[in-house]
Amino acid sequence: MAGGPSKALLAELATRPGRDTLASTATKGAFIAVSLLFLAALLFAPLVMVFATALSKGVLPYLQSFQDADTVAAIRLTLVTAAIVVPLNTVFGIAAAWAIAKFEFRGKSVLITLIDLPIAVSPVIAGLIYVLLFGIQGWFGLWLQEHNFSIIFALPGIVIATLFVTLPYVARELIPLMQQLGNDEEEAAITLGAGGLMTFFRVTLPKIRWGLVYGVILCNARAMGEFGAVSVVSGHIRGLTTTMPLHVEILYNEYNFVGAFAVASLLTLLAVLTLVIKTLVEWRTGYRKR
Amino acid sequence: MRTAAVLAMLALACLAGCSTDDQGARVELLNVSYDPTRELYREFNDAFAREWRERAGETVRIKQSHGGSGSQARAVIDGLAADVVTLALAYDINSIQERGKRLGAHWQSRFPYNSAPYTSTIVFLVRHGNPRGIRDWPDLVRPDVTVVTPNPKTSGGARWNYLAAWGYALHRGLDGDWSKLDDPAAEAQVAAAREAAARFVAEIYRHVPVLDSGARGSTNTFVQRGVGDVLITWENEALLAIESLGPNQVEIVVPSVSILAEPPVAVVDTVVDRKGTRQVAEAYLQHLYSPEGQRIAARHHFRPRDPEVLAEHRAKFPELELFTVGEVFGGWNRAHEEHFAENALFDRMLRASRRAGAR
Amino acid sequence: MNAVRAPSILPGFGMTLGFSTFFLCAIVLIPLAALVMRTATMGWEEFLAIVLDERAVASYRLSFGAALLAAFINSVFGFVVAWTLVRYEFPGRKLIDAFIDMPFALPTAVSGIALTAVFAENGPLGQLLAAYGIRVAYTWVGIVVALTLIGLPFVVRSVQPALLEVQRDLEDAAETLGAGRFYTFRRIILPTVLPALLTGFTMAFARGVGEYGSVIFIAGNLPFETEITPLLIVIKLEEFDYAGAAALGFIMLVISFVMLLSINLLQAWGRRRMVAAGR
Amino acid sequence: MSITLDQVTKRYEGSTVVNDVSLEVGEGEFFVLLGPSGSGKSTLLRAIAGLTGVDHGRIALHNQDVTHLSARERGVGLVFQNYALFRHMTVADNIEFALRVRRMRRAERIARRKELLRLVALEGMDDRLPTQLSGGQQQRVAVARALAHKPQVLLLDEPFGALDAKIREELRRTIRQVQRELKITTVLVTHDQEEAFALADRIGVMNLGRLLETGRPDELYARPATRFVATFLGAANLLLARQTPQGIHFGAMPVNARLAERLDGGRSHEVVAVLRPEEIELAPTRDTLKTNYIAQGVVEETIFTGALERMRVRLDHGSTGAQLAATDGNAGASIIEVTRTQHEHRTFPVSLGQAVAIGVRRIHVLPTPLSSYTAWAPDAAAAARLAEHPFLAELAARMKTRIACRPEPALDNPIDSDVQLDNISGVAVIEAHPEAIDRIEWLLHNGAGEVMVLPPLAGAPHRVLIHWADDSARRSTLAVAASLLRHVTAEAVYLGILPQNVSDTQRPMGVRSLLDARSEAQAVHGLDMRTELRFGVAAEELRRQLEDAPEQMLILGISDLDALHEGYGPLFAGATRHAMMVVYRPAGEAAGQQLIGEERLAMSES
């Protein structure tokens with residue numbers, strides 16, 4: 001999605017008669033200035049704050065904060081959660097996008113809305129609903145306890161809550177892309193005798209792969225960063241059910257600001273890293289999305 | 001690319017799998033506690049594990065969970081398998097008992113001192129040098145003073161703050177004589193005092209610009225963000241804040257009258273019976289009363305029950321007139337009913353002050 | 001599959017729709033049904049009393065009002081940002097483009113803490129604004145700022161592809177017909193990008209309404225003034241009042257669902273119109 | 001003049017998209033810019049509209065220079081290939097857009113809209129949305145919209161591209177009608193020659209960014225000056241022929257033709273002949289032909305297309321074989337296209353595999369001095385290697401001509417060689433060599449007109465330097481340069497070099513000859529070029545210019561072999577990256593060269 005203008009287009013725009021005037025230069029300058037100011041105040045200031053605080057005592061304390069056993073456990077838990085959640089939601093996103101983009105059927109808008117819904121549901125409620133289901137007083141609570149399954153206040157609960165919150169991201173990315181790309185190539189593949197899976201892997205997947213990568217990256221970033229929903233179902237057991245975002249809060253509340261922001265900066269870096277990889281891949285393949 | 005993703009996932013799964021401890025014969029306890037006890041239990045757990053190994057030859061590992069007292073109680077009610085709970089309010093444990101039926105009704109009498117091995121009180125934290133000249137409760141309602149305290153609806157500590165202020169005002173209205181509360185002859189005076197107390201507390205909350213959801217949040221708001229002139233907080237929190245945030249920023253002011261905060265502890269019967277950990281769980285809580293436990297508590301700024309240990313730390317814990325929830329409010333359940341429940345005094349107070357503010 | 005569908009030679013309809021419906025049911029629908037059922041256990045009057053409570057209504061006003069305002073700010077500035085990223089080449093453009101997604105990735109609690117640190121009266125920007133008597137942290141302004149941050153990527157990411165897609169021809173046509181650039185923007189570009197902007201607006205709004213983690217740090221959380229609905233839900237939970245929390249959650253859910261559905265219907269309608277044009 | 005383009009050049013990222021185009025379109029004229037995709041025609045149209053800036057040159061509309069005016073100030077009407085209708089506006093709003101911008105009063109707006117809708121035959125469609133109209137109707141709306149503000153120039157960018165054949169024809173008629181009614185100067189861009197013929201008062205054919213030729217449709221079809229126009233406007237068979245004072249020969253076969261004019265003086269040399277498929281006659285034997293016999297052939301394929309019968313006939317390469325200019329790389333495929341009417345078919349029905357005699361009713365000889373290439377090398381392997389040089393191969397493919405190989409041991413030591421050669425045809429190509437100058441001299445001495453020196457790494461040039469040693473070489477050099485430049489996307493620069501010590505009184509002469517050369521190039525060859533005047537020793541100056549940048553080519557004209565050796569020898573001796581071509585016409589033949597460029601001849605039927 002991080003597609004920019006093509007060089008040729010920009011070059012053409014710039015050489016247009018009447019385009020290199022003072023007014024247009026000023027407009028361009030103003031637009032860039034407003035954008036940068038807006039982003040600086042809203043986006044970059046907090047980010048700088050995160051890193052400044054994390055490094056406020058120097059690099060060594062920053063690095064040492066990752067040696068803490070609980071921090072390591074939180075990082076591991078977050079990675080495990082993401083490793084389970086992201087593939088599941090990727091499969092779901094692809095399946096849903098296939099059904100929605102490739103076929104016309106009744107109730108499609110409702111389905112799309114249901115997929116969007118988790119974005120609109122307050123994370124607190126997202127956590128609450130699983131407590132209502134799997135809590136000891138919930139629908140399945142007693143049965144679960146009798147059979148010694150723990151869902152909430154354990155890894156499965158964290159995974160499910162994260163699944164809920166990150167469910168829309170891959171699908172949302174793929175649906176418009178696949179709708180826009182149309183069915184022609186798939187239909188051609190089918191008429192040439194390809195099976196469904198072959199059509200998908202050989203025809204559809206190569207077309208949508210960058211949209212998919214972007215969706216997966218967003219889904220992953222959100223999965224690692226989810227706070228509200230996980231907070232409700234986690235039980236906050238130190239070193240066991242605290243994910244990185246929860247651990248940030250814990251450290252912050254222990255007045256361990258360096259540690260808290262170090263973990264936060266790690267989350268930020270993870271996100272930046274994935275975004276950089278995505279940009280690099282785009283650049284290498286000359287791909288511009290949409 | 002797909003293969004890489006699969007490999008990465010497998011690697012993660014291995015990582016997760018390998019990390020599971022396989023040391024076998026050992027006991028695990030889960031202590032579900034509230035925010036300000038993080039440092040206390042970190043040290044105490046180690047001490048108890050050492051003690052238990054010597055005493056019973058068993059390795060015990062204590063897992064800790066911290067959070068807002070109310071939400072921790074809710075987690076236990078919803079099935080968080082806590083062997084012991086060490087919360088801010090007796091009310092929260094009462095709730096576990098009533099709603100979750102997870103422990104016996106008489107939990108509070110199972111351990112000495114109302115099952116509260118350490119106490120604290122509510123004090124003020126002011127900026128270095130006390131620029132506003134805060135001395136006692138009445139200073140909080142001066143027009144030029146802003147107060148930071150958490151939301152009593154979400155924070156156990158905030159309820160202590162609220163009750164301390166209320167108790168002070170009542171104490172003043174009753175001319176310092178608690179016995180009038182039970183004296184039918186003083187009914188009129190008590191009623192007037194109650195009303196004055198309500199007005200006083202409402203006035204304090206009108207001076208609050210930020211209601212954080214927890215005690216630590218308030219401390220951060222006050223110290224880090226520079227909001228407000230006074231922070232009402234636990235004594236242990238105030239001492240910890242000075243210790244970890246630097247003595248040159250803030251200092252403690254002890255009011256003339258305050259509440260005796262008694263954070264209770266309890267064994268969760270259903271859990272320990274299922275897991276078979278009752279013995280170690282009870283020993284764990286009992287150890288809090290031992291001289292070692294008391295010293296650790298004192299080191300972490302909680303007032304120890306043990307008079308000897310208290311004497312050792314006298315300088316840290318100045319004497320002041322303290323009242324208990326039981327004496328003044330008739331126990332936590334009543335206090336909750338009257339003050340904090342839905343549409344109880346606190347809610348009404350806010351609504352009223354909003355109308356006043358709107359006008 | 002009882003869904004009626006138009007014929008197509010492509011395979012996998014039953015499987016993919018079946019799987020996605022199953023997954024949706026398991027992860028979204030059944031849990032949400034639990035919420036609705038829990039709400040249903042209380043009487044109608046009790047329900048009304050909870051959701052129409054003065055304080056709850058005040059919190060809706062704040063939650064929805066702040067989310068609306070933030071979405072609106074995002075529509076304006078997000079559009080400017082998207083425009084700048086799509087139409088201008090300048091050093092660091094790619095970097096900034098990549099950073100737009102950060103609010104997705106940053107844990108909300110971290111954004112809340114960091115924003116508070118920046119905008120508190122002793123923070124770098126807070127000091128600046130305080131000099132002009134503008135208080136951000138612990139006021140409704142702070143909530144709007146937090147929600148703007150949370151919603152920014154939704155608007156920028158919706159508008160960007162739409163702007164890329166605006167046929168250059170349309171702008172060229174307007175120009176040869178004598179339209180100035182502002183006129184072209186107002187009459188041609190804006191109407192073309194509007195559906196995408198609307199989607200971004202709605203998503204930012206929907207996300208903002210439910211946001212909890214970042215807001216509680218920067219909001220003062222004063223009842224009637226800076227108390228958002230999700231916080232009210234948490235308060236209900238702290239009081240072990242599940243039904244009350246469920247009721248508030250249910251109301252938010254209904255409003256969000258209706259809003260999303262209407263936007264999706266609107267878009268589907270718009271797309272059908274476009275498709276008709278292609279034939 | 002309604003539209004005047006003067007040396008318009010547009011580059012994108014280093015490649016020249018529009019290359020030195022000059023053009024005048026008259027008042028009320030319907031001008032069609034025709035060219036394959038990527039030829040730069042749409043860019044040129046956008047430049048006229050002001051949607052694309054130009055890097056060089058000027059654009060005037062109605063004698064007012066608009067080069068630096070923005071599109072909105074130029075007041076042209078532009079119709080886009082994909083209509084570019086505003087989808088969220090009704091037909092009425094679309095048409096009134098330009099009027100609203102100009103704040104026209106409502107009543108006037110409505111009147112104008114009604115008038116325009118009548119003009120494009122869409123009355124009553126005012127309130128429809130573009131999405132509710134068919135493609136043809138949408139394009140009519142686009143035309144009406146472009147005309148709303150009464151532009152003085154109407155520009156159409158492939159307006160029928162997305163429509164099917166029937167609607168296309170209908171819309172064509174509408175547009176022609178509207179244009180006649182409004183008498184509006186119109187420029188239409190298309191890649192469809194049929195469309196160009198149907199609409200144009202005048203056609204301009206573009207290729208590789210250059211405007212190759214302009215002219216009335218029938219003129220261009222009958223007498224194209226370039227290979228590209230000959231083959232792009234209708235089908236054409238290009239054959240290599242030899243022109244001698246006696247007439248035209250295909251192979252050894254003289255064509256009994258009276259030529260209107262003689263080409264290139266009386267010199268005997270190779271030419272390119274255009275044979276239109278419909279001008280070819282087939283007969284059972286040579287004797288039964290009513291027209292000039294050129295070769296024997298075998299029928300390879302016949303296709304019935306209704307009115308006409310199209311065939312492919314393989315030329316018989318016997319002793320007398322005529323040679324096709326292009327052989328598409330495989331030596332055997334000497335196939336010509338023939339079309340016959342039903343009447344001809346009935347007179348002489350043919351079947352597949354039948355041997356036939358081929359005659360021709362009319363030949364058009366292209367005035368180009370470049371006919372084919374011959375790779376010269378001391379041995380066969382080297383010649384074959386040279387023939388595969390990428391730049392040479394590309395050039396030959398673009399010119400639709402062939403590369404012959406000639407192993408010639410004499411090349412190794414040309415000075416001692418007494419060998420006399422005959423019939424050197426086309427451009428002689430040799431590899432770069434320290435003694436290249438001797439080989440060039442030897443070839444030129446033996447009758448070659450042009451010699452190209454090709455270093456192994458030379459590629460397609462971005463700039464072609466043109467220089468002639470003395471003025472008598474001017475015409476032929478310009479002709480060669482023009483022919484070459486039609487097939488590469490390079491810019492042309494003529495370098496006039498005066499001696500350092502030239503007196504002040506002589507300097508204006510240098511400038512004048514420069515300007516003369518430029519206007520001659522433009523008038524005679526339709527080639528626009530830049531001119532630069534330098535002072536110094538010619539060979540040194542040229543070397544300096546060549547070393548300036550990679551991917552250049554030099555065309556050097558001489559009329560005196562001794563002058564070549566003395567003046568320019570060192571230029572060919574050094575290691576060089578650049579292709580260089582020497583054009584040699586002995587001074588004595590200069591008189592005959594006057595005819596170059598006007599030499600459009602037809603051969604009468606005999």
Side-chain angles (χ1 to χ4, degrees), chain C residues 75 79 83 86-90 93-94 158-159 161-202 263 265-279, chain D residues 42 45-46 48-52 69-89 93-104 128-135 137-138 141-151 153-159 162:
Chain C
S75 301
F79 186 93
W83 179 272
V86 168
R87 288 299 168 90
Y88 302 126
E89 181 67 69
F90 55 95
R93 187 182 64 86
K94 277 216 170 302
S158 314
V159 172
L163 270 182
L164 272 174
E165 259 172 48
V166 169
Q167 285 181 35
R168 304 275 334 156
D169 281 1
L170 291 186
E171 278 170 68
D172 290 348
E175 200 182 337
T176 57
L177 293 171
R181 267 187 293 162
F182 183 68
Y183 193 86
T184 307
F185 174 78
R186 192 162 58 87
R187 293 292 307 267
I188 309 298
I189 297 174
L190 204 55
T192 315
V193 178
L194 204 60
L197 194 61
L198 205 62
T199 309
F201 178 89
T202 319
I263 289 299
L265 285 175
L266 199 71
Q267 291 228 310
W269 175 73
R271 202 164 29 242
R272 266 199 296 280
R273 238 176 41 153
M274 294 295 194
V275 167
R279 299 219 168 103
Chain D
S42 281
L45 193 82
R46 289 173 66 83
I48 299 174
L51 295 175
T52 298
L69 286 190
S70 73
R72 59 184 294 242
E73 294 161 309
R74 293 194 189 184
V76 298
L78 179 57
V79 176
F80 295 82
Q81 177 168 14
N82 294 313
Y83 328 132
L85 290 180
F86 307 135
R87 291 215 191 159
H88 56 285
M89 295 185 190
D93 285 338
N94 263 288
I95 294 177
E96 287 177 30
F97 186 85
L99 308 177
R100 274 182 211 272
V101 170
R102 290 169 173 76
R103 301 185 190 286
M104 190 184 270
R128 302 273 186 98
L129 282 171
T131 49
Q132 297 165 315
L133 300 179
S134 72
Q137 287 171 324
Q138 290 191 47
V141 175
V143 171
R145 184 179 70 178
L147 290 170
H149 55 295
K150 299 193 173 161
V153 172
L154 178 62
L155 306 172
L156 302 119
D157 187 2
E158 305 242 9

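Naming: A, B, ... by sequence-line order, numbering from 1 per chain.
Considering only heavy atoms from C-beta on, D:Arg72 stays 4.5 Å or farther from C:Arg181 through its side chain. Looking at heavy atoms from C-beta onward, C:Thr192 lies out of side-chain contact with D:Arg87 at the 4.5 angstrom threshold.
From D:His88, atom NE2 reaches atom CZ of C:Arg187 across 6.5 Å, with rounding to the nearest 0.5 Å. Between the CZ atom in D:Arg102 and the CG atom in C:Leu177 there is a gap of 7.5 Å [rounded to 0.5 Å]. The distance from the CG atom of C:Asp169 to the CG atom of D:Leu78 is 8.5 Å, given to the nearest 0.5 Å.
Only the backbone of D:Leu85 comes within contact range of chain C, judged by heavy atoms closer than 4.5 Å. Proximity to chain C is limited to the backbone of D:Ala146, based on heavy atoms less than 4.5 angstrom apart.
Applying the side chain to side chain contact (heavy atoms under 4.5 Å, CB included) criterion to C:Thr184, with sequence neighbours excluded, gives C:Glu171, C:Ala174, C:Ala179, C:Ile188. Checked against ring pair (Phe, Tyr, Trp, His ring centres under 6.0 Å), D:Tyr83 has no partners two or more places apart in sequence or in another chain.
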